[in-house]
Participant: 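Shown below is the structure under consideration.
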Amino acid sequence: MELEHYCPDCETEATFYRAASTTLHLGEKVKWHCPECDYGFVQISDNGTAVDSSA
């Protein structure tokens, strides 16, 4: 799985790769990883509502 997202370390849009995921009572938690610089962030989403640690 891939995600196009802004990478603050690379200072450009990058293709992030899904590093891990798990289901929580809040929804699905997904860890994303930039292969260029090792920057990573977490998203937790449930029915269209999302929390993004990069924001």
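Predicted model, so just to flag it, every value in this text is computed and none were measured.
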Participant: Under 3.5 Å, which donor-acceptor pairs link side chains of residues 24-33 to any protein atom two or more places apart or in another chain?
Facilitator:
{"from": "Glu28", "atom 1": "OE2", "to": "Arg18", "atom 2": "NH2", "distance (Å)": "2.4"}
{"from": "Trp32", "atom 1": "NE1", "to": "Gln43", "atom 2": "OE1", "distance (Å)": "3.2"}
{"from": "His33", "atom 1": "NE2", "to": "Asp38", "atom 2": "OD1", "distance (Å)": "3.4"}

Participant: For Glu11, what residues pass the side chain to side chain contact (heavy atoms under 4.5 Å, CB included) criterion, not counting sequence neighbours?
Facilitator: Tyr6
Participant: At their closest point, which heavy atom of Asp9 faces which heavy atom of Cys37, and how far apart are they?
Facilitator: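 Smallest heavy-atom distance, with atoms named: CB-SG, 3.6 Å.
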Participant: Under a 4.5 Å cut-off applied to non-hydrogen side-chain atoms, are Phe16 and Glu2 in contact?
Facilitator: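 With C-beta onward as the side chain, the pair stays apart.
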Participant: What about Tyr39 and Leu3, same hydrophobic cluster or not, with Ile/Leu/Val/Met/Phe/Trp/Tyr joined at side-chain heavy-atom distances under 4.5 Å?
Facilitator: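 Cluster IDs for Tyr39 and Leu3 match.
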